[in-house]
Amino acid sequence: MEQWLNFYAPGGKFLGGYTLQGTFAGEMQATAELLAAENGIRPENITIKVENRKGRDKA
């Protein structure tokens, strides 16, 4: 099992995610800002969850 950081729009739509292994400082905030801009929502409205997933299975 790997730990993933997953990003969700209001309403629960999966926006994207990545493994926590090898991340850098500020990556979570930068990703939330990018996903917000791409989806026309505010970064603070994105829900971020740490989830365990097997391999590279989708959320």
Side-chain angles (χ1 to χ4, degrees):
M1 296 294 260
E2 292 180 293
Q3 284 193 315
W4 282 70
L5 199 59
N6 292 320
F7 299 80
Y8 297 91
K13 177 185 172 193
F14 177 73
L15 299 175
Y18 54 82
T19 64
L20 287 177
Q21 182 179 355
T23 59
F24 58 87
E27 186 170 0
M28 179 178 68
Q29 182 63 33
T31 301
E33 290 172 3
L34 175 65
L35 290 169
E38 289 177 344
N39 290 280
I41 55 180
R42 298 177 59 95
E44 57 269 19
N45 292 335
I46 292 178
T47 301
I48 302 170
K49 297 180 183 178
V50 176
E51 300 174 333
N52 291 317
R53 291 178 18 197
K54 182 178 178 182
R56 296 207 176 264
D57 295 339
K58 289 197 172 193

(request) Might you work through the salt bridge (charged side-chain N to carboxylate O under 4.0 Å, His left out) test for Glu51 and Arg53, ending with a clear yes or no? (result) CA-CA 6 Å; Glu51 300 174 333; Arg53 291 178 18 197; 5.5 Å; no

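- Residues Thr19 and Thr23 approach most closely at O-CG2, 3.3 Å, considering heavy atoms.
- In this structure, Leu20 is not a member of the same hydrophobic cluster as Phe24, with clusters built from ILVMFWY side-chain heavy atoms closer than 4.5 Å.
- Between Tyr18 and Asn6, the closest heavy-atom pair is N-OD1, 4.5 Å.
- Of all non-hydrogen atoms in Pro43 and Ala36, the two that sit nearest each other are N-CB, 3.6 Å.
- When all heavy atoms of Lys49 and Tyr8 are compared, the pair lying nearest together is CD-CE1, 4.0 Å.
- Gln29 is linked by a side chain to side chain donor-acceptor pair (under 3.5 Å) to Glu33, counting only residues two or more places apart in sequence or in another chain.
- Inter-residue side-chain proximity for Leu35 and Ile46 is flagged as met; some heavy-atom pair is nearer than 4.5 Å.
- Heavy atoms only, all atoms of each residue included: Ile41 and Leu15 are closest at CD1-CD1, 4.1 Å.
- Trp4 and Phe7 fall into different hydrophobic clusters, where Ile, Leu, Val, Met, Phe, Trp and Tyr residues are linked whenever their side-chain heavy atoms come under 4.5 Å apart, directly or through other members.
- Connectivity analysis of hydrophobic side chains (ILVMFWY, heavy atoms under 4.5 Å, direct or indirect) links Leu34 to nothing; its cluster partners are none.
- The shortest non-hydrogen separation linking Ile48 to Ala32 is CD1-CB, 4.4 Å.
- Under the rule for a side chain to side chain donor-acceptor pair (under 3.5 Å), Gln21 has no partner lying at least two apart in sequence or in another chain.
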